[in-house]
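Take a look at the structure below.
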Amino acid sequence: MNEIFLSPYNPQATEERIYKMWEESGLFNPDNNSKADAPVFTIIMPPTNANGSLHAGHGLVMTIEDIMVRYKRMQGFKTLWLPGLDHAGFETQVVYEKKLEKEGRSRFGMDPKELYKEIMEFTVTNSSNIKSQIKKIGASCDWSREKFTLDKEIIQTVYGTFQKLFDDGLAYRGNRIVSWCSKHQTSFSDLEITDVERIDKFYYLKYGPFVIGTSRPETKFGDKYVVMHPDDKRYSDFKDGQQIELEWINGPITATIIKDSAVDMEFGTGAMTITPWHDTTDFEIAMRHDLDKEQIIDEMGKLLPVAGEFAGMSINKARGLIIEKLQAKGLVEKIDDNYKHVVRTCYKCGTVIEPQIKSQWFIKMKPLAEKALEKINLGEVTYIPDHYKKITTYWLENIMDWNISRQIVWGIPIPAKICISCGHGIADINNEVSECTKCGGKMEQDKDTFDTWFSSGQWPFASLGFPESNDYKTFYPTDVMETAGEIIFFWVSRMIMLGLYMTGKTPFKTVYLHGLVLDAKGLKMSKSKGNVIDPLIITQKFGTDAFRMGMVIGNTPGTSLPLSEDKIKAYKHFANKIWNITRFVYTNAPNDELKKPTVTSDDEIILKELDILVKDVTKDMDSYKFYLAAEKLYHYVWHTFADKIIEESKAKLQSNDVAIISSAQYTLRYILETSLKLLHPFMPFITEEIWSNISSDKKMLMVSEWPK
RNA sequence: GCGCGAUUAGCUCAGUUGGUAGAGCAAUUCAUUUACACUGAAUAGGUCGCAGGUUCGAGCCCUGCAUCGCGCACCA
């Protein structure tokens with residue numbers, strides 16, 4: 001009997017020592033943790049923002065993935081959990097810009113190379129922080145295989161993908177309307193846009209013989225087309241292409257009538273003018289009818305010279321003044337003050353997105369999506385929970401081309417040349433192109449970087465060393481992708497598409513999606529609300545094992561998890577209960593006899609019940625019902641093992657019959673050891689600590705055999 | 001507008017192929033030098049959102065509705 005059991009369990013004195021022992025053993029590495037011919041199990045960790053600090057969501061990722069990995073490792077699988085860090089392009093750039101702002105500097109006007117170098121240093125310095133925090137949660141990932149999204153080999157893989165997409169005609173340089181944030185000075189994909197419902201004014205303006213409706217009079221300077229539905233009887237006297245003279249904001253103009261069925265006859269007056277440079281619908285109408293497009297608003301959100309006296313003004317300031325002028329000219333029919341509509345905003349800063357026509361790189365998604373849909377429908381990817389499959393297929397069926405150009409420095413530079421005279425773009429990963437294949441003009445290096453998700457979308461095969469390495473051949477395709485349901489489109493769906501495109505295989509067999517971690521009241525955690533629960537404070541206070549139990553119990557996949565200190569506290573008590581059970585068992589049943597004695601029929605029944613539990617828990621683990629497995633174990637250990645079996649054993653241990661005593665002793669020890677094994681994936685620290693003090697087995701619990 | 005999810009004890013949630021409603025926390029009562037007060041024994045608490053249907057039998061399957069949450073969408 002070891003003396004450490006005489007005082008209560010002390011996680012602070014245990015966890016660091018145990019993690020170090022695991023790490024030094026090399027058993028996180030699949031080359032060491034299994035037999036050569038063992039079946040393979042692989043999870044690629046979602047690359048963590050290298051600049052981040054561990055939050056509750058990370059705590060959940062690390063807990064669930066570690067449970068899966070420890071379980072499979074104990075079952076003898078050649079188990080790889082590959083950790084990685086993400087440069088997190090735009091996210092990090094925003095953080096760094098705030099830092100610059102505090103120092104009175106700005107990214108605009110800085111030498112891009114210098115800025116990149118600074119952010120790289122910042123990132124490298126911060127990355128040790130997040131790594132040590134991941135270790136605190138007990139993550140048994142193979143640090144020897146750790147990857148960073150800006151590693152040379154990763155960038156080479158990403159470049160290879162871009163070149164192939166270009167050669168196959170799937171990556172193209174398009175002069176198209178993009179979502180532009182005037183604060184961050186970059187374009188976004190559709191996913192980085194948040195729709196916000198707002199109430200604004202809606203203006204009815206006299207436009208020659210028509211009344212047009214608009215919520216954005218500041219875009220109307222260049223409007224010289226008035227569009228109506230071809231079937232609209234109100235306007236049947238006006239012919240397509242007919243020109244009319246009319247008085248507009250800054251004087252007389254000539255307008256052309258266009259008939260297009262995109263116009264909703266029910267809305268407004270059924271007549272509208274269009275601004276193709278700053279509106280998606282208008283852009284499409286202009287493309288259909290081959291109309292002129294003119295920029296009205298610049299990249300900073302200010303009006304251009306076309307606005308005459310309003311030039312240089314921000315659109316917000318100009319709007320009221322323009323209306324005043326129109327009113328003075330008698331061109332305002334009426335104003336509706338209560339117009340409810342949806343405004344597209346930057347997900348990061350809330351600035352209203354100003355669509356702009358820009359020359360950027362796009363990926364044709366339809367062909368990629370069709371392949372993905374085919375595989376998903378064949379059941380080659382299993383979604384947990386199942387309804388994410390529906391959400392995914394719906395998105396894939398309606399997919400739009402993906403703008404992958406970002407006008408920021410922090411990211412993987414796009415390996416392409418752009419023609420100075422005609423704007424044509426050519427992928428050029430070997431830096432060979434100097435002349436435009438279209439017009440013979442001079443080419444210059446594209447200054448943009450890739451959308452972060454373009455590179456992380458290739459993570460499963462890129463991080464394994466596609467296409468030649470042994471790791472790629474051994475571990476790809478991977479088994480489980482476990483991540484937040486929130487990034488199902490951003491990341492999961494794109495990984496499937498790009499994985500299929502490059503490797504011909506879906507990158508993982510199972511997608512396990514967890515929900516958000518909320519505060520005790522069920523509210524989203526945020527710094528501004530001040531309700532953020534820091535997992536590191538929790539683990540410090542209650543122990544990591546208690547934190548992990550709190551993360552997993554009651555947490556069904558896909559649904560959000562309210563987290564309270566009370567809950568974690570309950571599992572701290574549980575950890576101590578296990579500790580005291582051990583004390584009782586090894587005080588009363590020291591492990592000097594190794595042989596199984598003849599077991600009494602009473603104990604036989606008890607052991608049979610344990611067998612049922614083992615079967616039950618194993619089944620739950622195999623079907624990813626960790627919340628059920630953990631709860632069953634908790635209930636068994638506390639309310640069956642401690643409250644019933646141990647209580648009843650007290651009489652048996654007092655018996656005069658040596659056979660009864662040795663049977664009871666054996667039974668207690670056997671149940672304890674089995675419980676420790678079953679609990680290990682959930683509560684790795686305390687179980688390993690107890691194991692190392694009681695077991696005659698020299699093997700670590702981490703690699704001991706899962707009970708059958 | 002379209003889609004997805006939720007609705008079960010005071011709170012947070014489980015409930016696997018349909019077979020008499022479960023857990024944790026909270027509450028109430030009792031016990032007390034016990035392996036463990038980070039304890040034990042017990043008690044109370046639910047027309048499973050509403051209305052129909054299928055079935056011998058529905059928390060679960062089907063239809064409709066309500067409320068809440070979320071996602072998607074070019075009505076200027």
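Residue numbers start from 1 in every chain, and the chains themselves are labelled A, B, ... in the order their sequence lines are given, proteins ahead of strands.
- Taking 4.0 angstrom as the limit, A:H639 places none of its side-chain polar atoms (N or O) nearer than this to OP1 or OP2 of B:U39.
- Heavy-atom distances to RNA chain B give each of A:S623 and A:Y9 a nearest nucleotide, and the one nearer the 5′ end belongs to A:S623.
- Across all strands shown, nothing is found opposite B:C74 as a Watson-Crick or G-U wobble partner with both distances under 3.5 Å.
- Comparing the P positions of B:A76 and B:A14 gives a spacing of 39 Å, expressed to the nearest Å.
- Pair check for B:A58 finds none; no Watson-Crick or G-U wobble contact set falls under 3.5 Å.
- For the C1' atoms, the distance linking B:G57 with B:G40 amounts to 40 Å, nearest Å.
- Nucleotide B:U34: unpaired (no Watson-Crick or G-U wobble partner with both distances less than 3.5 Å).
- Regarding A:F641, its CZ atom lies at a distance of 11 Å from the C1' atom of B:A35, rounded to whole Å.
- Among the protein residues, A:V227 comes within range of no part of the nucleic acid, since none of its heavy atoms lies under 4.0 Å from any strand.
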message = Applying salt bridge (Lys or Arg N to Asp or Glu O under 4.0 Å) to A:D279 and A:R216, what does each step give before you reach the verdict?
response = CA-CA 11 Å; A:D279 186 280; A:R216 302 198 56 197; over 6 Å; no

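- Under the 6.0 Å cut-off for aromatic ring centres, A:Y71 and A:F626 do not qualify, their centroids lying 6.0 Å or more apart.
- Remark: the A:E647 side chain and the B:A41 base include no donor-acceptor N/O pair separated by less than 3.5 Å.
- If you take atom C1' in B:U12 and the same atom in B:A6, they sit 14 Å apart, rounded to whole Å.
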key: A:D603 and A:S663: CA distance, side-chain angles, deciding distance, side chain to side chain donor-acceptor pair (under 3.5 Å) verdict   = CA-CA 7 Å; A:D603 289 339; A:S663 170; 2.5 Å; yes

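- Spacing of C1' atoms, B:A44 relative to B:U28, comes out at 7 Å, to the nearest Å.
- If you check every strand for non-hydrogen atoms under 4.0 Å, A:A575 touches nothing.
- If you check the side chains of A:T544 and A:E15, you find a donor sitting under 3.5 Å from an acceptor.
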Taking only N/O atoms, report every protein-nucleotides 1-12 of chain B pair under 3.5 Å with atom names and distance.
none

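- Nucleic acid contact class of A:H278 (heavy atoms, under 4.0 Å, all strands): none.
- Among the atoms of the strands shown, base atoms are found under 4.0 Å from some heavy atom of A:L628.
- Residue contacts shown for A:M400 are limited to sugar-phosphate atoms, with no base heavy atom under 4.0 Å away.
- Heavy atoms of A:I646 sit under 4.0 angstrom from at least one base atom.
- The C1' atoms of B:U20 and B:C13 are separated by 23 Å, rounded to the nearest whole Å.
- Pair check for B:A51 finds B:U63; Watson-Crick or G-U wobble, both atom distances under 3.5 Å.
- Backbone-only contact: A:D643 has heavy atoms under 4.0 Å from sugar-phosphate atoms and none from a base.
- Between A:T281 and the phosphate of B:A76, there is no side-chain N or O to OP1/OP2 separation shorter than 4.0 Å.
- Across all strands, A:V585 comes closer than 4.0 Å to no nucleic acid atom at all (heavy-atom distances).
- Here the rule is side chain to side chain contact (heavy atoms under 4.5 Å, CB included) with A:T582, and of A:N693, A:T587, A:L672 only A:L672 fits it.
- Counting non-hydrogen atoms under 4.0 angstrom, A:T556 reaches the backbone sugars and phosphates but no base.
- The residue A:G213 sits close to a base: some heavy atom pair falls under 4.0 Å.
- B:U47 and B:G22: their P atoms are spaced 16 Å apart (whole Å).
- Between the side chains of A:E192 and A:S189, at least one donor-acceptor pair of N or O atoms lies under 3.5 Å.
- When both distances must be under 3.5 Å, the Watson-Crick or G-U wobble mate of B:G10 is B:C25.
- Atom pair A:M265:CE and B:C75:C1' shows a separation of 13 Å (rounding to whole Å applied).
- Every pair passing ring-ring contact (aromatic ring centres under 6.0 Å, His included) that includes a residue from residues 192-219 of chain A is listed here, sequence neighbours excluded: A:F202-A:Y204, A:F202-A:F267, A:F202-A:Y339, A:Y207-A:W248, A:F210-A:Y235, A:F210-A:F238.
- Between the side chains of A:S187 and A:Q360, at least one donor N or O lies within less than 3.5 Å of an accepting N or O.
- At the heavy-atom level, A:Y339 lies under 4.0 Å from the strands shown only through sugar-phosphate atoms.
- An OP1 or OP2 oxygen of B:C75 is reached within less than 4.0 angstrom by no side-chain nitrogen or oxygen of A:K340.
- Among the heavy atoms of the strands lying under 4.0 Å from A:K650 is at least one base atom, whether or not backbone atoms are also near.
- In this structure, A:Y586 does not reach the B:A35 phosphate: none of its side-chain N or O atoms is under 4.0 Å from OP1 or OP2.
- Residue-level contact check: A:G270 touches the bases, meaning some heavy atom is under 4.0 Å from a base atom.
- Under the Watson-Crick and G-U wobble criteria, each requiring two contacts below 3.5 Å, nucleotide B:G69 is paired to B:C4.
- Atom CZ in A:F202 sits about 6 Å away from atom C1' in B:A76, given to the nearest Å.
- B:G5 sits 41 Å from B:A41 when the P atoms are compared, rounded to a whole Å.
- Within the nucleic acid shown, A:F489 comes within 4.0 Å of sugar-phosphate atoms alone, with no base atom in reach, counting heavy atoms only.
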request  = Could you give me the CA-CA distance, side-chain angles and deciding distance for A:H514 and A:N555, then say whether side chain to side chain donor-acceptor pair (under 3.5 Å) is met?
outcome  = CA-CA 8 Å; A:H514 62 255; A:N555 187 4; over 6 Å; no

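- A gap of 7 Å separates the C1' atoms of B:G46 and B:U8, to the nearest Å.
- Salt-bridge formation is detected for the pair A:K220/A:D223: a Lys NZ or Arg NE/NH1/NH2 atom is positioned less than 4.0 Å from an Asp or Glu carboxylate oxygen.
- A close approach under 4.0 Å does not occur between any side-chain nitrogen or oxygen of A:K619 and OP1 or OP2 of B:U16.
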